[in-house]
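Worksheet: one structure, shown below.
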Amino acid sequence: MSGPSRRELLTTLLGASAALAACRKPPTRPAGELLAPDLERAHRLVRDGAPFPREGVREERTRVAVVGGGPAGLSAAWRLVRGGLDGVDDVRVLELEAVVGGTSRSGECDVTRYPWGAHYVPVPVREARALATLLDELGVVEGRARDGSPIIAEGVLCRAPEERLFHRGLWYEGLYLYDGASHDDLAQLRRFREAIGAWARVRDAKGRRAFVTPISHASDDVASGELDGRSMRAWMDERGFTSPRLRWLVDYGCRDDYGLSSEETSAWAGVFYFAARLGETGRSAPLMTWPEGNGRLVRHLAGVAGARLRTGWIVRNVVIRGEREVAVEGWDAAGAPVRVVAERAIVATPRYVARRIVPALAEAIAREPGAASDEALAFDYGAWVVANLHLRDRPSARGCPFAWDNVLFDSPSLGYVVATHQTGLDHGATVWTWYYALTQPGREARERLLSATREEWADVALADLGRAHSDLGGLVERVDVFRWGHAMVRPRVGAGAARRRRDGARSSGPVHLAHTDLSGVALFEEAQDHGVRAAEEVLDALGVRSPSMR
Amino acid sequence: MHASEPREAAPRPIRRIWGPPPAVPKEPVEPPARKAAVSLLLLTVLVIATCGLVYELLASTLASFVLGDAVTQYSTVIGVYLSAMGLGAWLSRYVNEAVARTFVDVEISVALVGGLSAPVLFFAFAHLSWFRLALYLVVLVIGALVGMEIPLLLRILRERFEFRDLVARVLTVDYLGALVGSLAFPIFFVPKLGLVRTSLVIGAINAAVAITSTSLLRGSLRSVTGLRVRAGIVLGVLIAGIVAADRLTLLAEDGMYADEIVYAKQTPYQRIVITRGKGSFQLFLSGNLQFSSADEYRYHEALVWPAVSVRARDGLPTRDVLVLGGGDGLAVRELLRVPELLRVTLVDLDPAMTRLARTMPLLRAQNEGAFDDPRVHVETADAYVWLSDPVNAAKRYDLVVADFPDPNHYALGKLYTTRIYRWMREHLSGGGVLVVQSTSPLFARRSYWCIARTIQAAGLAVAPYHALVPSFGEWGFVLAREGALEAPTTLAPSTRPRRALDDASLRALFVLGPDMGAEPVEINRLDNQVLVHYYEEDWRKYL
Ligand SMILES: Cc1cc2nc3c(=O)[nH]c(=O)nc-3n(C[C@H](O)[C@H](O)[C@H](O)COP(=O)(O)OP(=O)(O)OC[C@H]3O[C@@H](n4cnc5c(N)ncnc54)[C@H](O)[C@@H]3O)c2cc1C
């Protein structure tokens with residue numbers, strides 16, 4: 001990659017001024033590794049429809065087969081084990097990758113653990129009971145507040161300062177750029193907060209909130225319709241929210257949480273981002289984080305699953321054999337074909353995979369009018385790049401000294417998160433996790449993602465961050481890059497309605513679906529809620545009594 | 001100048017007999033050029049005289065900065081220097097041949113030794129226990145070399161002047177140079193450049209003289225290449241030194257401190273600066289005063305003895321102590337005076353700080369070599385990380401001393417949170433006591449009470465107290481422990497007499513006047529770090 005092509009790439013991905021600045025200096029080329037979901041195997045076997053052999057298939061038995069070892073699948077297994085199905089052979093979790101966690105997986109080096117995807121969860125509101133139970137197991141719940149929400153130990157609450165913003169050569173504390181804000185800017189910010197606060201206070205006849213995680217606790221008749229049908233940008237326009245700083249903040253929020261610009265994000269999701277975090281007190285819920293992000297939660301759940309976990313397994317077909325039997329067919333880690341026969345199956349893969357491996361679901365989509373286009377709108381995926389920069393030492397910076405989340409105002413990237421922030425290691429080597437969401441339509445986003453190599457993405461990350469840290473280049477020892485082709489489901493305009501029309505397809509006989517995709521937004525709480533729901537449906541069907549965790 | 005002309009033509013017997021024949025017959029020198037050469041040689045005398053005096057002043061000033069007692073330092077340094085000059089003059093008689101070459105070599109040596117004298121002496125002061133010896137050795141060498149300069153020059157110029165005229169001219173210029181040096185030193189060099197840069201610059205000037213004199217004395221020198229290379233190397237070293245001098249003391253920084261900087265070092269964690277004033281010295285970390293040797297005993301007695309006395313009152317010995325921060329070793333020194341003490345573990349972030357406290361004679365004298373005591377163990381770690389490390393989870397201490405720098409930014413603010421106080425609590429043995437340096441209850445009243453309330457919020461009973469430390473002002477501490485805590489009334493025994501404390505003054509520490517009284521504050525938590533904001537606001541009123 002030299003001269004013009006490097007500049008072109010940087011211009012496309014970062015904008016002209018960043019490209020110009022970066023091209024003045026020769027690129028540093030730190031070593032590193034390219035990571036990605038095991039696309040080749042998955043594509044060969046799932047997308048290209050490799051046939052499952054008729055003979056020579058080993059058969060195994062279990063009571064419940066869980067397909068997918070991300071937060072949803074692991075939460076399902078956890079719920080089953082906690083619910084009494086705790087024999088080693090009662091539950092089997094089959095995960096495609098060599099490591100569990102899905103998009104919440106994490107890595108580790110000598111200095112620290114670090115995230116490869118999800119990096120935080122807000123402190124659960126009262127409704128998120130399963131999450132509170134999980135946190136209790138982690139030993140981080142110190143008590144209950146008056147409203148019933150858990151009081152979380154200081155050590156996992158994101159250490160202050162949470163975030164800082166780089167603007168014109170200086171870092172400022174917080175995400176809203178107060179510096180130079182006019183009266184009108186501040187008035188609009190206040191008005192915006194009031195509007196969000198009003199939504200956060202809405203209750204339906206049953207006392208349910210309009211915006212809450214898990215979404216299953218939200219009122220289904222308030223809000224949704226009118227907000228789902230317009231974009232967040234349009235919603236802002238209608239209310240006269242024209243302040244550039246406020247628009248930046250909202251757009252950043254949409255890109256950060258959904259990988260979509262505010263023009264394409266539904267106003268429902270835009271408001272949800274801000275309102276679902278407001279607790280009963282009206283204050284924004286603090287964030288919980290660990291050096292490895294939500295990988296910490298995954299680690300705990302995987303520990304509970306223990307010997308029930310099988311990694312490196314590709315599930316090809318989930319075949320319903322009757323009301324009480326399902327066959328989960330695939331290849332084990334050694335490549336041998338296996339058929340796991342179970343009483344029930346929980347399919348906790350993303351929707352685009354579930355459609356391919358659950359024939360019953362594919363048939364239903366083919367049969368029902370409008371289902372295919374609803375599926376396409378409700379389950380649209382963005383592509384993301386995550387780069388982990390291993391630093392020998394901290395670069396210099398002017399202004400607010402450091403924060404957990406470090407965002408550049410004039411950048412299409414989402415900035416970086418410091419893995420050692422929470423452990424208090426404030427000097428010396430560290431790992432920075434840099435995020436970049438490709439907001440284009442799915443196919444185009446994935447093409448862009450794959451068109452740049454590991455070296456090129458590393459160069460983009462360094463050029464991006466080099467604007468805020470001029471001495472960064474010499475301090476970076478390696479840059480590992482993860483290319484997420486189907487990173488997360490995107491709440492586009494109208495996606496909510498389309499999803500609700502597809503909600504019926506959550507279970508079919510002995511097969512139960514679970515995945516954050518079913519909520520239309522990618523969040524740990526949603527993944528967990530679906531995993532727990534599916535597990536409770538299974539427990540119910542198997543006649544195992546256990547009080548609901550939801 | 002024409003008086004010297006007849007002399008110029010005189011033959012040079014020594015050279016003719018012993019030296020190799022001149023390669024090229026010398027062309028007759030043009031009178032104006034010759035005249036210029038002589039003026040330049042006299043200018044050389046002026047410059048080297050200026051340099052010589054500056055070295056002398058440098059050594060005297062430096063010695064009085066680091067050792068104090070200016071009268072003694074000036075007298076002894078000047079005495080040694082002048083006698084060394086005599087020695088040099090006497091030694092010059094042993095130079096028989098190649099007078100000009102020797103002169104240039106002497107210049108190069110003066111440039112090197114003199115030019116590096118201030119940085120070398122500051123280094124020696126920081127790292128050697130025999131600083132005085134190094135000082136007089138350096139002064140002796142520079143003096144002797146400078147002492148050789150004028151006699152050698154006289155001999156070189158002898159051929160060009162009548163003796164009477166020669167002595168008069170050279171000595172006049174020599175004394176004039178002394179005047180220039182003595183005026184430039186206090187007016188320009190020290191205030192504008194500081195000692196280290198002055199020394200390097202003067203050395204560089206000397207090296208430049210060495211190079212120009214190779215041209216001026218071309219006729220008396222067989223080959224100049226070797227000399228020029230050597231002089232060039234020395235000049236290069238000194239210029240590199242000037243460039244690197246920022247690492248020793250920052251030009252801008254000199255103005256920040258009331259007293260002269262005698263040591264400065266940028267570590268990855270902080271900037272360590274030691275200054276020397278009249279009869280005392282001070283340690284600064286990143287610009288914040290840590291102690292002044294004049295009154296640190298008031299601070300450290302107040303830090304250690306109330307806690308030890310609380311335990312003594314309850315019949316509990318203080319045997320095993322954890323000190324967090326306090327890399328200067330002064331709190332450790334105080335603790336080592338507890339008769340029953342068996343062990344002190346010190347956790348400090350910056351290895352450069354503990355190394356300095358262990359090796360720099362000035363600091364060693366102040367902490368009484370505390371780090372050499374077999375009861376003392378040093379661990380290099382961020383106290384926050386150390387306390388959170390499961391490896392240390394089972395360790396219990398009779399006393400935990402938190403002696404951190406003030407919470408003026410987030411990396412330090414985390415050392416004052418409920419989270420860290422909970423860990424400290426877990427590290428206390430039964431009846432164990434925690435004491436926390438807590439900034440000034442007078443100047444930073446909300447910060448002080450925020451620390452006290454935060455310790456309380458971590459589940460400990462607190463007893464706030466204060467002490468007057470003139471170089472800091474009113475200073476605050478918080479004593480804490482599980483269960484109930486009452487202020488101590490009798491001072492626990494020590495192996496050494498206390499200077500600031502007795503039973504009555506111990507009790508007085510716990511009386512806070514109304515202007516230091518409690519204020520409503522929030523608790524400092526890791527996820528809000530309110531203390532850093534309080535601290536900034538509180539001190540803004542005074543700075
Ligand atoms: C860059 C990035 C940042 C994010 N940040 C956050 C955040 O800060 N907070 C937050 O709450 N959420 C965040 N998310 C979203 C978060 O990752 C998801 O909410 C969560 O991981 C969803 O869990 P899941 O189990 O539903 O799905 P996934 O994580 O997608 O897990 C699905 C699993 O199924 C496996 N699988 C797929 N096909 C097969 C097959 N055929 N056979 C067997 N196994 C199969 C996959 O390998 C995977 O392990 C982020 C996502 C990304 C990409």
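Computed from a prediction, not measured in an experiment: that's the story for all the values here. Numbers restart at 1 for each chain; the letters A, B, ... are given by sequence-line order, proteins then strands.
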May I ask you to check whether B:Asn392 and B:Glu379 show a side-chain donor-acceptor distance below 3.5 Å?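 There is no such pair between these side chains.
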Heavy-atom contact with chain A under 4.5 Å, split by part of [X]:
X	answer
B:Asn528	backbone
B:Leu349	side chain
B:Tyr269	both
B:Asn524	backbone

Does atom CZ (A:Arg398) have a neighbourhood of more than 12 heavy atoms from anything else shown, all under 6.0 Å? no
Residue among B:His533, B:Glu522, B:Glu537 satisfying side-chain hydrogen bond (donor to acceptor under 3.5 Å, both in side chains) with B:Arg446: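 Single side-chain hydrogen bond (donor to acceptor under 3.5 Å, both in side chains) partner of B:Arg446 among B:His533, B:Glu522, B:Glu537: B:Glu537.
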Does A:Arg277 count as lying over the ring of A:Tyr273, i.e. NZ or CZ under 6.0 Å from the six-ring centre, within 45 degrees of the axis?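 Judged by the rule (NZ or CZ under 6.0 Å from the ring centre, within 45° of its axis), A:Arg277 counts as positioned above A:Tyr273.
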